[in-house]
**Q** 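Quick one: this structure, given as structure tokens, is what I'll be asking you about.
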Amino acid sequence: IPPLRQIKDRWNTLKEFSLYNLYQECDRQKFTYGSDDEFLAWLVMKSDEKIDQIIKADQDPVITRDALVPSLCYDLLVENAQLRKMT
């Protein structure tokens, strides 16, 4: 079922994403952002944005409204994403 495949793909993408990887990417690009506290706040904000982008909360009716997909599947994806957020 395509909606279940989308949920699985998003779950895997969410598993692969990490704040540490985002930090390493910034470090490789020699990114500087004021103080360490400001940089950490920026990383958290960007991480949360990426997580929201991955789950596309309440924006995909193909997944959220498909009668063949139990709502629990999407709910678990969203709950997992919320637990990964830093804010």
**Q** Please report the interatomic distance CZ(R10) to CG(N80), rounded to the nearest 0.5 Å.
**A** 13.5 Å
**Q** So S18 and Y23, do their side chains get closer than 4.5 Å, heavy atoms only?
**A** no
**Q** If you take all heavy atoms of L19 and V44, which pair is closest and at what distance?
**A**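 For L19 and V44, the tightest heavy-atom pair comes out as CD1-N, 4.2 Å.
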**Q** Before accepting this row, confirm whether a basic side-chain N of the pair D48/R84 lies closer than 4.0 Å to the acidic partner's carboxylate O.
**A** no
**Q** Drop me the distance from D27's CG to F39's CZ, to the nearest 0.5 angstrom.
**A**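 Taking CG in D27 and CZ in F39, the distance rounds to 7.5 Å.
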**Q** Any idea which heavy atoms bring Q82 and I55 closest together, and the distance?
**A**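 For Q82 versus I55, the nearest heavy atoms are NE2-CD1, 4.3 Å.
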**Q** So, taking the atom named CD in Q29 and the one named CD in Q24, what distance separates them when rounded to the nearest 0.5 Å?
**A**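 Here the interatomic distance stands at 12.0 Å.
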**Q** List the atom of C26, the atom of L43, and the distance in Å for their closest heavy-atom pair.
**A**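 So the two residues come closest at SG-CD2, 4.2 Å.
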**Q** Do the side chains of R28 and E25 get close enough for a salt bridge, i.e. N-O under 4.0 angstrom?
**A**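 No salt bridge links R28 with E25.
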**Q** Can you tell me which residue among L14, N12, L77 is in a side chain to side chain contact (heavy atoms under 4.5 Å, CB included) with I54?
**A**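 It is L14, the one option of L14, N12, L77 that forms the side chain to side chain contact (heavy atoms under 4.5 Å, CB included) with I54.
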**Q** Which heavy atom of S47 sits nearest a heavy atom of L22, and at what distance?
**A** N-CD2, 3.9 Å
